[in-house]
Amino acid sequence: METTITVPGGHRIPRLGFGTYQIAPHDTEQLVSVALRAGYRHIDTARYYRNEAGVGAAVQASGLARDSIWITSKLPIGADDTDDVNRAIDATVDALGTHVDLYLIHWPMPRRNRYPRTWQALRAAQADGRLSGIGVSNFHQAQLDRILAGGGPPPMVHQIEAHPHLANNDLRQYGAQHGIATAAWSPLGAGSVLRDPAIQSVARELGRTPAQIIIRWHLQRGDIVLPKASSPQRIADNAAVFDFSLDPHQMARIDRLDRGEEGRTGPHPERL
Ligand SMILES: NC(=O)c1ccc[n+]([C@@H]2O[C@H](COP(=O)([O-])OP(=O)(O)OC[C@H]3O[C@@H](n4cnc5c(N)ncnc54)[C@H](OP(=O)(O)O)[C@@H]3O)[C@@H](O)[C@H]2O)c1
């Protein structure tokens, strides 16, 4: 399996990303360094996580070529017009000490109803060369329709909650039809899916851990996957997913675990 996904425009995004939500600022450099040594080449952070500086320090200390690592970050909530967006980009680049490869609108905040304007501000920053890739997170289909109607290329990536208990197939298919790659956040259901008996059964069959089974399922569906872990052992374990595969029957058993909305573990995007 390819370890990267090629998106329109030719960028190659590493499919396995290290999630850093709830990794404390003082632990971030060490844990991202562990992740880079374990083979992750994509780090997912956000202004909101307060740990961009640790991400940047680890990337710098790794000695790896900067263009071999993909950094995704996200706009702070409430930054929605051109000045806010430009200030936020500056703050992220300062904290990282390097450019950001992909910058996302973190939440659409539908009650504020400013995301179409925010998307135009991101497009302008991209046109000025201040940003390379731009994308969105936590949108629903009508919101994606609205920003696509504004013209220009689609978001490079749509980052959404997705895991075996919330497969989110409608949004994934919409993305595939419109050239938008899907990235799965909380890919382990924030840990809850690890205990699912069907996952544990496939794990026993293959002599793999439940986390590896779930991460491999995401990869075989074609998504970018962003697991978070906070011990070096788990971080390395979750990266050892390119030397085995699930057969179609095992994939189908996991596909059947979808609970739709009942499986959601994070906030509902419409309620923010
Ligand atoms: N765009 C958005 O709005 C958004 C929202 C939420 C998350 N995200 C991104 O998605 C990333 C992942 O989501 P997440 O952190 O919510 O959940 P997750 O990756 O689905 O699950 C993380 C949980 O699973 C545990 N875990 C990980 N690997 C394990 C293993 N091998 N064995 C046992 N337990 C394991 C972790 O424990 P320990 O930490 O104790 O090791 C942690 O409790 C975030 O870090 C963030 O980058 C984005």
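Numbers here are sequence positions counted from 1. Given the structure is predicted, the values throughout are model-derived calculations rather than measurements. Numbering of ligands and ligand atoms starts at 1, following listing order.
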Q) Can you find a side-chain donor-acceptor pair between Glu161 and Asn168 that sits under 3.5 Å? A) no
Provide, to 0.1 Å, the distance between [atom] and the closest protein heavy atom, together with that atom's residue and name.
| atom | result |
| --- | --- |
| atom 40 (O) of ligand 1 | Arg234 NH1, 3.1 Å |
| atom 19 (O) of ligand 1 | Lys228 N, 2.9 Å |
| atom 10 (O) of ligand 1 | Trp185 CB, 3.4 Å |
| atom 28 (N) of ligand 1 | Asn238 ND2, 2.9 Å |
| atom 24 (O) of ligand 1 | Gly191 CA, 3.6 Å |
| atom 16 (O) of ligand 1 | Ser186 OG, 2.7 Å |
| atom 20 (O) of ligand 1 | Leu188 N, 2.7 Å |

Could you give the distance from [atom1] ([X]) to [atom2] ([Y]), rounded to the nearest 0.5 Å?
| X | Y | atom1 | atom2 | answer |
| --- | --- | --- | --- | --- |
| Leu122 | Ile89 | CG | CD1 | 6.5 Å |
| Thr3 | Ile13 | OG1 | CD1 | 12.5 Å |
| Ile5 | Leu16 | CD1 | CG | 13.0 Å |
| Leu104 | Asp44 | CG | CG | 7.5 Å |
| Thr209 | Asn238 | OG1 | CG | 6.5 Å |

Just so I know, are the side chains of [X] and [Y] near enough to count as touching, which here means a heavy-atom distance under 4.5 Å?
| X | Y | result |
| --- | --- | --- |
| Tyr115 | Met109 | no |
| Arg15 | Val241 | no |
| Trp70 | Arg41 | no |

Where ligand 1 meets [X] - atom numbers and elements under 4.0 angstrom, heavy-atom basis:
| X | answer |
| --- | --- |
| Thr20 | 45 (O), 47 (O) |
| Trp107 | 3 (O) |
| Gly189 | 20 (O) |
| Asp44 | 9 (C), 46 (C), 47 (O) |
| His106 | 1 (N), 2 (C), 3 (O) |
| Tyr21 | 44 (C), 45 (O), 46 (C), 47 (O) |
| Leu226 | 10 (O), 11 (C), 12 (C) |
| Asp237 | 31 (N) |

Could you check whether any heavy atom of [X] sits closer than 4.0 Å to an atom of ligand 1, since that is the contact criterion I want to use?
| X | value |
| --- | --- |
| Lys74 | yes |
| Tyr49 | yes |
| Asn138 | yes |

Q) Can you check whether Leu194 has an N/O within less than 3.5 Å of an N/O in ligand 1? A) no
Q.
For the 3.5 Å polar cut-off, considering only N or O atoms, please tell me whether Ala211 and ligand 1 meet it.
A. no
Q. What orientation do His163 and His165 show, parallel under 30°, tilted 30 to 60°, or perpendicular over 60°?
A. perpendicular
Q) Counting only heavy atoms, which portion of Thr45 has something under 4.0 Å from ligand 1: side chain, backbone, both, or neither? A) neither
Q. How does Gln159 reach ligand 1, by side chain, by backbone, by both or by neither, if only non-hydrogen atoms under 4.0 Å count?
A. side chain
Q: Apply side-chain hydrogen bond (donor to acceptor under 3.5 Å, both in side chains) to Thr82 and list each qualifying residue two or more places apart in sequence or on a separate chain.
A: none
Q: Flag yes if more than 12 heavy atoms outside Tyr48 fall under 6.0 Å of its OH atom; otherwise flag no.
A: no
Q: May I ask which of Ala190, Pro267, Ala240, Ala229 has a heavy atom nearer to atom 18 (P) of ligand 1 than the others do?
A: Ala190
Q: Going by heavy-atom distance to atom 38 (P) of ligand 1, choose the closest among Gly19, Pro227, Ser230.
A: Ser230
Q: Report the residue from Thr72, Asp101, Thr4 that forms a side-chain hydrogen bond (donor to acceptor under 3.5 Å, both in side chains) with His42.
A: Thr72
**Q.** For Gly151 against Arg123, the heavy-atom pair lying closest together
**A.** O-NH1, 3.2 Å
